[in-house]
Amino acid sequence: MSVLRLDNVSYHYAGTNKMVIKNMSYEFEKGSVYSIVGKSGSGKTTLLSLLSGLASPQSGKIYLNDEDIEQIDKYEYRSRYVGVVFQSFNLLPKLTAVENVILSMEIAGKKYSDKRAHAMEYLKKVHLEEEEADRRILKLSGGQQQRVAIARALSFDPEIILADEPTGNLDQENQKEIIQIFKELAHEEQKCVVLVTHSPDVAKASDVIYRL
C-alpha cells in the first residue's frame, strides 16, 4: 500500500499557462528508494515541492495514507510526516551538527529527557562520529554537512524522506556513502525515500526510477 500517492496531478507557475507537471500519477511505498530523474526544466524540483507541501497542485490530488494532504495542516505535515533534505542543506552555520538536529527536534515539538542523546542517535545513523557532531557546520566537509542535513530530516521520525539532489555537490566516495545511508533508511527502517537526482549512479542504486 502506498504511503504517498499522486492522482492526476498538474501544476503551472503563476502568470503562465505552460504546465510544468501534467496529469501525473505516481505511487510511493515504505521500504523503497525512489529516484526522480529528467532533464533540466522537466519539473523534478517542482514535484518535490508538491510532495513536501510547499506548493499545491492546480488540479489532481496528493494523498498521504489515502488522506488528501490539502486537508492536513502544512506545518504538521512537514514536522511530523515528511522530512526534507534541501540541496543547499539549509543548516545553521553558527551551530554544531548536534545542535542543528536538537533545534529541529524542538521545532517539531519532540520532548526527550536527553535531547543530545537522541540527536546523537540520528547522527550515528548517518555515520557521523561524536567528535564530528560537536563541530560547527562551517568546520565540516560537504559530505559531513549532507549527513547532518539527513539526520535533521530524520529527527522527528517521519515516514517519508524527500531529498533534492542529495549528492550533487559530493565526490564519488561521499556519493556512494550517502546512497548507502538512504538505502539503509528505506530497507532497514522502512522509510519511503524519494530523491531528485541528475546522477545515473544514484538512479541505478534506487529501487524505482520515475522519469519526467
One thing to verify: whether K191 and D157 come together as a salt bridge, which I'm taking to mean a side-chain N less than 4.0 angstrom from a carboxylate O. yes
### Query
Are there more than 12 heavy atoms of other residues, nucleotides or ligands under 6.0 Å from atom NZ of K22?
no
- Query: Between E106 and K115, is the closest basic N to carboxylate O distance under 4.0 Å?
  - Reply: yes
Of all heavy-atom pairs linking G53 and R78, the shortest is O-NH1, 2.9 Å
Salt bridge flag under 4.0 Å for residues E159 and R80: no
Closest non-hydrogen atoms of S206 and S35, given as atom of the first, atom of the second and distance, are OG-OG, 2.5 Å
Notebook entry, point to check: Do Y122 and V84 belong together in a cluster built from hydrophobic side chains that touch within less than 4.5 Å?
Noted result: no
Closest non-hydrogen atoms of L91 and Q145, given as atom of the first, atom of the second and distance, are CD1-O, 3.5 Å
d(E67 CD, Y81 OH) to nearest 0.5 Å is 7.0 Å
Exercise. Assign the ring pair Y210 / Y26 to parallel, tilted or perpendicular, where the plane angle (0 to 90°) is split at 30° and 60°.
Key: parallel
Is F28 linked to V9 within one hydrophobic cluster, defined over Ile, Leu, Val, Met, Phe, Trp and Tyr using a side-chain heavy-atom separation of less than 4.5 Å? yes
_Hydrogens and angles aside, do Q87 and E165 bring a side-chain donor and acceptor to less than 3.5 Å of each other?_
no
